[in-house]
Peer 1: 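Provided herewith is a single structure, encoded as structure tokens, for subsequent inquiry.
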Amino acid sequence: MIFRKACMAGLALASMMVLAAPAHAIKILPGKKKQPDDTGYTKPTPAQNQLIDRAIAREAEVIKVLKERAPLTEVYIQTMKPDQDLLQVPESDQHFLGRVEFSKVIGDRTYETSKTAASGGKFGFFKNSLSFITGLGKALNLEFNEAGFMQMLLIDSKDFDRQHYNFYFVRNDFLGSVATTVFDVQPAKGSYGRFFGRIWIERRGGNIVRFNGSFNGSQATHSEYYHFDSWRTNVQPDIWLPNSFYVEESNPKVPGNIVKFKAVGHIWGYALKVPEKELENTSVEVQGATDVSNEAQDVSPLGAQREWVQQAEDNVIDRLTKAGLLAAPSEFDKTLAALANNILAYNQIPLSRPIRVRTLLTEPLESLAVGNTVLLSKSVIDTTAVITADGAQQAGNLNAILAFEVAHVILGHRLDTKYAFSDRLLFPDTSAFAHIPMHHTDKDNEEAAKKTVELLNAKELQDAPTYFGLYLQQLSARVKALPDLNKAMIGDSLIKNDKDKDPTFWLAALQAKGQKLDVKDLKQMAAMPLSSFLKFDPWTDQVITLHAAQEPILNPRDKMPFEVTPIYLRLSYYTAPVAPAATPAAAGAPAPATGAAAPAAGTAAPVQQQATPAPVDGNPGNAPQTAPAPQNGAPASGTSTPPQNQ
């Protein structure tokens, strides 16, 4: 090692100096051995030592907070293989989603694994914190140390102190707007299986906000353990909790700097109530009901049927939100809802109430219509968010995805109304998937696919098949290597479940309408990497659009469609939310875009789409900016009331 050579050279030089020095200049203290020089590390100053001591104390507070929480943890892994044109491409993938009760996995306490966990299928580990971590550890090759998963979130949940670690100053640095001091951390002599790497401590409160390295603690066994980069965010005043981590290992057996595997992990839902065993079978209480019996009109039989359907829809949406699977309502949802309602307006199709759109926080590519609420997974939004000067490609992709689920709504492919009964939702958060099968049937999806083609024939939507067809071509090139990414958790996958055939798409009719895929064409971007467009607040579960600079594509390797990429968060300090100021109601809805067809009588006019809106938190920086869709079934001011025929 370089450091060892430097150390030996320093000792040799010191010996020569001792021999050359006069005898009276040398003092030997009795009972003490001379200490060799350090290996080039810079020892912290007194002020930096104080910052380290604060970080050690703050880390204990983080552990205390985590023990009171049971957030959702999702990890997605891609193994890689060499590729002649792209250097490397995904070869296989694995997806893990679990709600981890940290009080049962932090420290020395053990959590008895359920005998049925191993046979519970894809969601078996979701009911058991330890079995989830064990399965994840095996997937990441962590057989050498079961504490590996926890050390991606906590440097050392038991012994992070000066007795077990040495600290060396590196530099001062900024992560976003947060000023930090960077230190190298090494286990003390004789301490193995501990963190070995670098930490970033924010200087205002002494919190560790980022750390990366490994947990082997020995250069001799360095290759036995994975390497990770872990980030935290300031979720509450002076509370920084784990947000995301990235894992990567190279493949020494393959020349050319090929990555063996890479993985990304996300943690959210910290504000979710910690499950209590005695309350596992209690339902979520619905609050805020208002008595309007003196104001409401009588309800017709058809209106009663629709209210019944909406009750089932609202029950499921509320339950999935409480379980942490759906992002909290946001301004971004209103933008998507406006796009969905435009599809109806352009096709002159009235509905009794507008389409709502919500974001699934889970990784797999999927969509779903629950009543009049459309769900899109975060990764569908991220990978379709191809940045162009006019925003047309992203808008076209979103219109195609939304049209597929809007078609389900139009065709009456509704959720089972059994969920209108509250007792159907008496289940704990950790088994939500097992109790709500919500995907559509193959017959329903085939009908919706045909209807989608009809909807996209509208003049204002004719670009959508071209863009989304290219997206499907790119996905087709990766679909066999990424089965878990294309395996829907609760809704509809983009691909058909053809076990004996090559995978095909429900919207395969659009695939041929796209420009021919050419991975070497630097001007052609078919699909984006994962996590390209949305980030989320791990405390409030609200999605926020990224404001990243558009990086130039210099070679085909820069594209990385559907791939896991490293994490780099723009950190900032927590600011309390400000209540929005009341604004006067608009005089009327914006006029349709130039050339838009006039809507049929009784339908709302489509809202105008802007090509490149100014980015603001909660609204996409490059997605078409639209006015919010009307809420609670009321039409926007200046629009006519749609007839009750749907």
Peer 1: Does one side chain, of Glu202 or Tyr573, offer a donor that lies under 3.5 Å from an acceptor on the other?
Peer 2: yes

Peer 1: In chain order, what residues pass the ring pair (Phe, Tyr, Trp, His ring centres under 6.0 Å) check against Phe536, with sequence neighbours excluded?
Peer 2: His266, Trp268

Peer 1: Could you list the residues that satisfy side chain to side chain contact (heavy atoms under 4.5 Å, CB included) with Tyr574, not counting sequence neighbours?
Peer 2: Asn234, Gln236, Pro237, Ala576, Pro577

Peer 1: Taking ring pair (Phe, Tyr, Trp, His ring centres under 6.0 Å) as the cut-off, I'd like each qualifying pair that reaches into residues 468-488, sequence neighbours left out, listed once.
Peer 2: Phe468-Tyr471, Tyr471-Phe562

Peer 1: Decide yes or no on side chain to side chain donor-acceptor pair (under 3.5 Å) for His95 and Glu363, but give the supporting numbers first.
Peer 2: CA-CA 8 Å; His95 176 251; Glu363 196 78 74; over 6 Å; no

Peer 1: Considering non-hydrogen atoms only, spot the tightest contact between Pro561 and Gln474 and give its length.
Peer 2: CG-CD, 3.5 Å

Peer 1: Determine, step by step, whether Val357 and Thr373 satisfy the side-chain contact (heavy atoms from CB on, under 4.5 Å) criterion, reporting the C-alpha distance in whole Å, the side-chain angles of both residues, the deciding distance to 0.1 Å, and the verdict.
Peer 2: CA-CA 5 Å; Val357 182; Thr373 300; over 6 Å; no

Peer 1: For Gln393 and Thr388, does a side-chain donor sit closer than 3.5 Å to a side-chain acceptor?
Peer 2: no

Peer 1: Can you list the residues that meet the ring pair (Phe, Tyr, Trp, His ring centres under 6.0 Å) rule with Trp539, with sequence neighbours excluded?
Peer 2: none

Peer 1: For Lys451, give me all partners under salt bridge (Lys or Arg N to Asp or Glu O under 4.0 Å), at least two apart in sequence or on another chain.
Peer 2: Glu454

Peer 1: Hey, are the side chains of Met80 and Phe261 touching, using non-hydrogen atoms and a 4.5 Å cut-off?
Peer 2: no

Peer 1: Checking side-chain polar atoms at under 3.5 Å, does Arg570 have a donor or acceptor matched by the opposite partner on Ser177?
Peer 2: no

Peer 1: Nearest heavy-atom pair of Val543 and Ala327: which atoms, and what distance?
Peer 2: CG1-CB, 3.8 Å

Peer 1: Tell me whether Glu563 is salt-bridged to Lys262, with the criterion being a basic N under 4.0 Å from an acidic carboxylate O.
Peer 2: yes

Peer 1: Looking only at the side chains, is there a donor atom on one of Asp93 and Tyr76 sitting less than 3.5 Å from an acceptor on the other?
Peer 2: yes

Peer 1: If we count only N and O atoms by modelled type, under 3.5 Å, do the side chains of His439 and Asp492 hold a donor and an acceptor together?
Peer 2: no

Peer 1: Just one of Leu472, Leu470, Val386, Ile381 clears the side chain to side chain contact (heavy atoms under 4.5 Å, CB included) bar with Asn397, so which one?
Peer 2: Val386

Peer 1: Does a side chain donor of either His413 or Asn445 reach within less than 3.5 Å of an acceptor in the other side chain?
Peer 2: no

Peer 1: Test side chain to side chain donor-acceptor pair (under 3.5 Å) on Ser330 and Gln542; report intermediate values, then the result.
Peer 2: CA-CA 6 Å; Ser330 68; Gln542 193 168 61; 5.2 Å; no

Peer 1: Do Glu366 and Ser377 meet the criterion of a side-chain donor-acceptor pair at a distance under 3.5 Å?
Peer 2: no

Peer 1: Test side-chain contact (heavy atoms from CB on, under 4.5 Å) on Leu375 and Leu326; report intermediate values, then the result.
Peer 2: CA-CA 8 Å; Leu375 310 181; Leu326 279 184; 3.8 Å; yes

Peer 1: Going by side chain to side chain contact (heavy atoms under 4.5 Å, CB included), name the residues that satisfy it together with Asp558, two or more places apart in sequence or in a different chain.
Peer 2: Ile553, Leu554, Asn555

Peer 1: Below 4.0 angstrom, N of the basic side chain to O of the carboxylate: do Arg210 and Asp229 qualify?
Peer 2: yes

Peer 1: Verify side-chain contact (heavy atoms from CB on, under 4.5 Å) between Val259 and Gln88, making sure each step is shown before the conclusion.
Peer 2: CA-CA 8 Å; Val259 172; Gln88 58 188 17; 3.6 Å; yes

Peer 1: Quick one about Asn212 and Ser230 (side-chain donor to acceptor, distance below 3.5 Å, no hydrogens or angles considered), yes or no?
Peer 2: no

Peer 1: Is the Trp231-Tyr568 ring centre distance short of 6.0 angstrom?
Peer 2: yes

Peer 1: Applying side-chain contact (heavy atoms from CB on, under 4.5 Å) to Tyr467 and Thr384, what does each step give before you reach the verdict?
Peer 2: CA-CA 9 Å; Tyr467 293 125; Thr384 57; over 6 Å; no

